Asker: 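One structure is given below, represented as structure tokens, and several questions about it will come after.
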Amino acid sequence: SGSGMRMTGSGATMATTGELVDLVLGANTVGAGMTITSTGAYTGVGAADGLINVVANSLTTGLGSQYSFTGLTSGSGMRMTGSGTTMATTGELVDLVLGANTVGAGITVTSTGTYTGVGVADGLINITANSLTSGYAFQIPHTTSVISTTGSLMRLSSTSADTGTSGTLLSLNSSASLSGTQFSQTYSGLTTGIGQEIIVNGLSSGTALNISSTSTAATSNTQKMLNIALSGTSATSSLTTYGAYISNTHDSTSGVNVALYASASSSNASSTNYAAQFVGSVDIDSGAFLYDTKTGITAIDNLNLGTLNFD
């Protein structure tokens, strides 16, 4: 229970530039400034354990640990190497325990330069898992507390005036994957909420959601740009459900509001182009025109055919 070496500072009388331990390596190019070697099966997990243990329980606005690498080029400011395949399921290379804090940051990465790194080895946070198969490279589990209105399990925020036309707040890139699901969202417990919401209240001439493909590999009549499937047995009878619900309610003088615009074309004269195909009955203007797949047209009520434009 003793100490192999103990150094006791002067407490509150230490000046800003004071140092309890000062290791000056000079102009060395290799070697270690400090090496800690433990040859035993180390199992210490208590508050007083750790091959390196920094205790600063009275710390408020200062720094518990600080490292400066102002001349760093291709090296690493800090490297942690795990035990490889011998690590158990509950093993952790880095374990950050914030305790009962209600504000503040667990990890803060600050870059004051004009960062331009876009290579596979770049990134203010870079996770490389080239041997990953069925595991997770990045996981945020949440099982207990109820996330409130302003809470977020993960948030990406940008308050700068991003004027670059090719700038991206979140970029997901998969260039070699040929099958599987590239982006999957599962909300199996959702009932009355919203699965995904996109709000762009400042939209002017832009597009809120843009999906594009220039693929020339279409085969077997199965290529689909957007596939929406809604199914299941309703809990009660006489319900009306919608596979897609689109509205456009702009208020403008002499304006034209189009809720759905569909176009199909081809430069090949032998192609057949359908702007829309309906498999099922058709209802226009809440019963003004009804077409039933079994009995044909069943209602034309207050429908001025002269205003319809079939181009």
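What you are looking at is a predicted structure, and each value in this text was computed from that prediction instead of being measured. Numbers for residues simply follow the sequence, beginning at 1.
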Asker: How would you list, by chain and number, every residue that makes a side chain to side chain contact (heavy atoms under 4.5 Å, CB included) with Val55, sequence neighbours excluded?
Answerer: Asn53, Asn57
Asker: Counting heavy atoms not belonging to Tyr67, are there more than 12 under 6.0 Å from its OH?
Answerer: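 Atom OH in Tyr67 is not crowded, with 12 or fewer foreign heavy atoms closer than 6.0 Å.
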Asker: Taking Thr186 for the side chain and Ser188 for the main chain, is one N or O donor matched with an acceptor at less than 3.5 Å?
Answerer: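 Pair absent, no side-chain N/O of Thr186 close to backbone of Ser188.
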Asker: To the nearest 0.5 Å, what is the distance between CG (Leu260) and CD1 (Ile246)?
Answerer: 5.0 Å
Asker: Hey, are the side chains of Met225 and Ile211 touching, using non-hydrogen atoms and a 4.5 Å cut-off?
Answerer: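 A side-chain contact under 4.5 Å exists here.
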Asker: Can you tell me if Ile107 has over 12 outside heavy atoms packed within less than 6.0 Å of its CD1?
Answerer: no
Asker: Is it true that atom CG of Leu156 has more than 12 heavy atoms of other residues, nucleotides or ligands lying nearer than 6.0 Å?
Answerer: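 Count over threshold, so yes.
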Asker: Please check this pair: side chain of Asn248 against backbone of Val258, looking for a donor-acceptor N/O pair closer than 3.5 Å.
Answerer: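 Answer holds: yes.
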Asker: Once side chain to side chain donor-acceptor pair (under 3.5 Å) is applied, what residue pairs with a partner in residues 145-154 remain, sequence neighbours excluded?
Answerer: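 Those involving residues 145-154 are His142-Ser145.
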Asker: With a 3.5 Å distance limit and no angle check, can you tell me whether Ser76 reaches the backbone of Met78 through a side-chain donor-acceptor pair?
Answerer: no
Asker: Could you give the distance from CD1 (Ile198) to CG (Leu203), rounded to the nearest 0.5 Å?
Answerer: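 Answer rounded to 0.5 Å: 11.5 Å.
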Asker: Could you verify whether a donor N or O on one side chain and an acceptor N or O on the other, from Asn126 and Thr128, lie under 3.5 Å apart?
Answerer: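 Per modelled atom types, Asn126 and Thr128 side chains form a pair under 3.5 Å.
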Asker: First locate atom CD of Gln223, then atom OG of Ser215, and finally report the distance between them rounded to the nearest 0.5 Å.
Answerer: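 Gln223 atom CD to Ser215 atom OG measures 5.0 Å (nearest 0.5 Å).
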Asker: Under 6.0 Å from the CG atom of Leu153, do we count more than 12 heavy atoms belonging to anything else shown?
Answerer: yes
Asker: Do Leu23 and Val21 make a side-chain contact, defined as non-hydrogen atoms from C-beta onward lying under 4.5 Å apart?
Answerer: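 A side-chain contact exists here, since the closest heavy-atom pair is under 4.5 Å.
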Asker: Please list all pairs passing the ring pair (Phe, Tyr, Trp, His ring centres under 6.0 Å) test where one or both residues lie in residues 207-245, with sequence neighbours left out.
Answerer: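 Checked against ring pair (Phe, Tyr, Trp, His ring centres under 6.0 Å) - neighbours excluded - the pairs reaching residues 207-245 are Tyr242-Tyr245.
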Asker: Answer with yes or no whether the side chains of Ser266 and Asn268 bring together a donor and an acceptor at under 3.5 Å.
Answerer: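 Distance-only check fails for Asn268 and Ser266.
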